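So the structure is just underneath, and the comments pick up after that.
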Amino acid sequence: MSPAAASSTIRVTLPDGSVKEFGGPVTAYQVAESIGSRLARAAVGAKIDGQLADLSSPIERDCSLSIVTPERKAHGSESRATMEPDPDALYLLRHSAAHVMAEAIQRVVPGAQLVYGPPLETGFYYDIRFPDDRPLKEGDFEAIEAEVGKIVKEDRRFTRYELGVEEGMKKLRAEGSKYKVDNAERAIAASGGSETHGSESRATVKLSWYATGEPGTHWEDLCRGPHVPSTGRIGAVKVMSLASSYWHGDETSDRLTRVYGTAFFSKKDLDEHLDRLEQAKARDHRVLGKHLRLFHIDEMVGQGLVLWTPNGSVVRKELQNFISEELKKQGYTEVFTPNIGRLELFRTSGHFPYYADSQYPPVIERESLAALASEGCSCAQLSNKLSTGDIDGYLLKPMNCPFHIKIFDSQPHSYRDMPVRLAEFGTVYRWEQSGELNGMTRVRGFTQDDAHLFCTPEQVQAELLGCLSLVKIIFATLGMEDYRVRVGLRDPDSSKYVGDPANWDKAEEACRQAAKTLGVPFKEEPGEAAFYGPKIDFVVKDVIGREWQLGTVQVDYNLPERFDLSYIGPDNKPHRPVMIHRAPFGSMERFCGVLIEHFAGAFPTWLAPEQVRVLPISEKTNEYAARVVAELKAAGVRATLDDGNERVQAKIKHAADMKIPYMAVVGPRDAENGAVSVRARGVQHDLGAMALGGFVAGVRQEAAARLAWGEPGTVTAAMQVG
RNA sequence: GCCGCUGUAGCUCAGUGGUAGAGCGCACCCUUGGUAAGGGUGAGGUCGUGGGUUCAAUCCCCACUAGCGGCUCCA
């Protein structure tokens, strides 16, 4: 169709495939009205040719259009009319709420300069530069929310207007906010024009503003949009928290205050959201770790250094046993190496001094230290001497690989011995920034379920697959399905990577191929590689949505080079092996932390620190209860006795609080029959009596088979069916 | 490291310019009770650390320290 012909009739295709014709330009709102007045009232925006837009957007040519309303039909339930929040609607809402919050903040703190305020998955934020003598405090939230309430109540229209580049930039410069000038420049650059290279496109590029009300009268902000029609559509806004951020994420640039908020169409939705956050907190591994006595971090021991208490140690040990069994099947051999090593080792590997900032400072020999002190050596000189090798010292190991390399290199290898697979639960230490530490998920000392595979170039692909299958076995056994796979490649613009680009290409291709055969979707991410090679990472989310890298598999052509490793090939000549680094759990600390949240502390029987608690009804059956416990223990079941001076009801409550899989209630009736009355975690009633021998065998088998909680074959499942 | 918030009994948390309180837990006593908290009594705190203001500081101010939420970083 020619543009000329299009000028009269406009055809709008709706989501159901029907077509509406209009005699001339219309707005999205008018289209909605033509469909139905209820729809028009509910509408908060439109999607025009897949692009989210204002309801007031003019439609001047044929297009497809859908009206965005707060709720939409839930996926996969064609027949029933269940509704769920529409993500596009929430996007519009939160983007709009960010504007309203910013206006409110500027009322509360005059002189606050706005920088950038995008919507997020669960809310929005606005980066703001506050006057140095008037930082924003949490105590200001109430006043801000009150102002937000007023603006919402006034129900002012979001009014868009556009200016050409010249005029727009003039306006922004006159207003004197370098942040908004910068935003505009970026917007212009992104849309093809640029201030410095004036071009044809630049003349057509427009900058847009949104006034909350009348331009010139009411508050306004440079913004691409789109927004909901008016502030009255914003149901409930809450200012959530404050954080510091950097302009453009650059730590040498201006420090800004990031104000987080969230918004929903109704107060009820907001309350539900806050409720969900509250529930998430209850399964936070730091909360559960304390409550279930799984681990302890002590100020006197040091930041980020985890003390594994007896309960947590059981979980860890079971996981280690599990993986050790898998390693045996896959032909690994286990090794042990020390926690420190000479600087020379890490100079060769490249970890020192390039990563000196993220390591604990070196340990220096007594004599060297005394000599340097008597010379009056400064810190800077000392640091210099350590890097150059003028003096030697030891480093708490940041990685296990150099040690495994020296084990490999301690004897000659033939291609016939390859691959050599060395595994170790190796503890490493890294100086993470204090603000980064987080429970067990980000720590300064942690144990990797590490292994290094030394193989021939031909073996790389097969070994990579072996590693990936190991990760899959682990995730499947633990029922962890909610993870994503990331192939970390090098960032072409960065200089932090070491080694030959040709080898990098080979390694990246090998990872890509291996990831493809994994059978799960993956994403390639440049810049996420290790400094020595590309990697395949398994990333999971914690209860509050933060992502953590767990399992990792990395290809490395670099370290074999640095350590001049070789094996003798079929041609009787030395060849360079390739290394694969892999840690399917990542680290025991992080993995257990994530696992605690995954299970909300309710571990499957094989992992549970306490598997069975025996609860005598009264003192009269204490003796029988003790025999039950002894029998369970003899069978290798982790069982305890609660012979406290309480009623069973209280004992049940306490056992449930500790999320113990099974309770064995025993009274005179059970004692007489040699039975136990079984109660399973999460089941609100007694499952009935069971012969003691059968119960012991059942729990033992359930644990030995590493069954998931309640799956066929467990005691719970058997008793509920029978 | 940066910004904000927080630090009071083993745990969760109230509270106050005149050296502290609850619930749970713990100890002891009564109770011997068949499936999600029986009753009583009691012990337990240099109010994160160090300075300052004050007649007087757990409370106000400053610094430090640790935790939390983010930012940056993450071999």
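By convention in this document, chain letters (A, B, ...) are assigned in the order of the sequence lines, proteins followed by strands, and residues within each chain are numbered from 1. Please read all numbers here as calculations on a predicted model, not as lab measurements.
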Review point. Are A:Asp140 and A:Arg134 close enough for a salt bridge, meaning some N to O gap below 4.0 Å?
Key: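 Here A:Asp140 pairs with A:Arg134 in a salt bridge, since their nearest N and O are under 4.0 Å apart.
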Practice item. Salt-bridge test for A:Glu278 and A:Lys281: reply yes if a basic N is under 4.0 Å from a carboxylate O, no otherwise. Key: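 A:Lys281 and A:Glu278: salt-bridged.
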Check your understanding: Sequence neighbours excluded, which residues qualify as salt bridge (Lys or Arg N to Asp or Glu O under 4.0 Å) partners of A:Arg342?
Key ->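 In terms of salt bridge (Lys or Arg N to Asp or Glu O under 4.0 Å), with neighbours along the sequence ignored, A:Arg342 is linked to A:Asp392.
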Check your understanding: Can you list the residues that meet the salt bridge (Lys or Arg N to Asp or Glu O under 4.0 Å) rule with A:Glu623, with sequence neighbours excluded?
Key ->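 In terms of salt bridge (Lys or Arg N to Asp or Glu O under 4.0 Å), with neighbours along the sequence ignored, A:Glu623 is linked to no residue.
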Can a donor-acceptor pair under 3.5 Å be found between the side-chain atoms of [X] and the base atoms of [N]?
{"X": "A:Tyr246", "N": "B:G70", "answer": "no"}
{"X": "A:Ser618", "N": "B:G34", "answer": "no"}
{"X": "A:Asp670", "N": "B:G34", "answer": "yes"}

Tell me whether the OP1 or OP2 atom of [N] has a side-chain N or O from [X] closer than 4.0 Å.
{"X": "A:Ser244", "N": "B:G70", "answer": "no"}
{"X": "A:Arg442", "N": "B:G70", "answer": "no"}
{"X": "A:Arg293", "N": "B:C11", "answer": "no"}
{"X": "A:Lys651", "N": "B:G33", "answer": "no"}

Whole-Å [atom1] distance, [N] and [M]:
{"N": "B:G1", "M": "B:U19", "atom1": "C1'", "value": "38 Å"}
{"N": "B:C24", "M": "B:U41", "atom1": "P", "value": "13 Å"}
{"N": "B:G15", "M": "B:U8", "atom1": "P", "value": "13 Å"}
{"N": "B:C11", "M": "B:U65", "atom1": "C1'", "value": "22 Å"}
{"N": "B:A14", "M": "B:G39", "atom1": "C1'", "value": "26 Å"}
{"N": "B:G48", "M": "B:G34", "atom1": "P", "value": "47 Å"}
{"N": "B:C55", "M": "B:U12", "atom1": "P", "value": "39 Å"}
{"N": "B:U16", "M": "B:G10", "atom1": "C1'", "value": "25 Å"}

Identify whether any heavy atom of [X] sits under 4.0 Å from a base atom; if not, whether one sits that close to sugar-phosphate; answer base, sugar-phosphate or nothing.
{"X": "A:Gln303", "answer": "sugar-phosphate"}
{"X": "A:Glu251", "answer": "sugar-phosphate"}
{"X": "A:Tyr532", "answer": "sugar-phosphate"}
{"X": "A:Gly533", "answer": "nothing"}
{"X": "A:Gly249", "answer": "sugar-phosphate"}

Practice item. Starting from the 5' end of RNA chain B, give me the residue, A:Leu256 or A:Asp284, whose nearest nucleotide shows up first. Key: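 Closest to the 5' end, via its nearest nucleotide, is A:Leu256.
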Check your understanding: Of A:Gly139 and A:Lys535, whose nearest nucleotide on RNA chain B comes first from the 5' end?
Key ->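 Result of the comparison: A:Gly139.
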Exercise for review: Let me have a per-nucleotide readout for nucleotides 36-44 of chain B, 5' to 3', with B, S or -, counting only protein heavy atoms under 4.0 Å.
Suggested key: BBB------
Practice item. Provide the full list of salt bridge (Lys or Arg N to Asp or Glu O under 4.0 Å) pairs with a residue in residues 536-550 of chain A, sequence neighbours left out, each pair given once. Key: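 Pairs touching residues 536-550 of chain A that pass the test: A:Arg484-A:Glu547, A:Arg486-A:Asp537, A:Lys535-A:Asp537, A:Asp542-A:Arg546.
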Practice item. Supply the atom-to-atom distance A:Phe124 CZ to A:Arg94 CZ, rounded to the nearest 0.5 angstrom. Key: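 Spacing of CZ (A:Phe124) from CZ (A:Arg94) equals 9.0 Å.
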Can you tell me how far [atom2] of [N] sits from [atom1] of [X], to the nearest Å?
{"X": "A:Gln433", "N": "B:G70", "atom1": "CD", "atom2": "C1'", "value": "13 Å"}
{"X": "A:Glu138", "N": "B:C68", "atom1": "CD", "atom2": "P", "value": "16 Å"}
{"X": "A:Ile144", "N": "B:G4", "atom1": "CD1", "atom2": "P", "value": "14 Å"}
{"X": "A:Tyr116", "N": "B:C71", "atom1": "OH", "atom2": "P", "value": "13 Å"}
{"X": "A:Arg134", "N": "B:C3", "atom1": "CZ", "atom2": "C1'", "value": "15 Å"}
{"X": "A:Asp254", "N": "B:C71", "atom1": "CG", "atom2": "P", "value": "18 Å"}
{"X": "A:Leu687", "N": "B:U35", "atom1": "CG", "atom2": "C1'", "value": "11 Å"}
{"X": "A:Asn438", "N": "B:G1", "atom1": "CG", "atom2": "C1'", "value": "17 Å"}

Regarding [X] and [Y], is there a side-chain donor-to-acceptor distance under 3.5 Å anywhere?
{"X": "A:Arg129", "Y": "A:Tyr179", "value": "yes"}
{"X": "A:Glu424", "Y": "A:Thr337", "value": "yes"}
{"X": "A:Asp556", "Y": "A:His581", "value": "yes"}

Check your understanding: Under 6.0 Å between ring centres, would you say that holds for A:Tyr355 and A:Phe531?
Key ->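 Judged by ring-centre distance (under 6.0 Å), A:Tyr355 and A:Phe531 do meet the cut-off.
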Practice item. Ignoring the backbone of A:Lys137, work out which of B:C11, B:C5, B:G70 is nearest its side chain. Key: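 Closest nucleotide to the A:Lys137 side chain: B:C5.
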Review point. What's the closest nucleotide to the A:Arg258 side chain, out of B:G70, B:C11, B:U35?
Key: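 Taking heavy atoms from C-beta onward, the closest nucleotide is B:G70.
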Practice item. Please lay out, stage by stage, how A:Glu672 and A:Arg669 fare under the test salt bridge (charged side-chain N to carboxylate O under 4.0 Å, His left out). Key: CA-CA 5 Å; A:Glu672 207 171 301; A:Arg669 221 159 47 217; over 6 Å; no
Practice item. Kindly state each residue pair satisfying side chain to side chain donor-acceptor pair (under 3.5 Å) with at least one member in residues 237-250 of chain A, sequence neighbours excluded. Key: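 Sorted pair list: A:Asp127-A:Ser245, A:Asp182-A:His248, A:Arg186-A:His248, A:Asp250-A:Thr252.
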Review point. Pairs counted as Watson-Crick or G-U wobble with both distances under 3.5 Å: what dot-bracket string results for RNA chain B, using | for bases tied to another strand?
Key: (((((((..((((....[..)))).(((((.......))))).....(((((..]....))))))))))))....
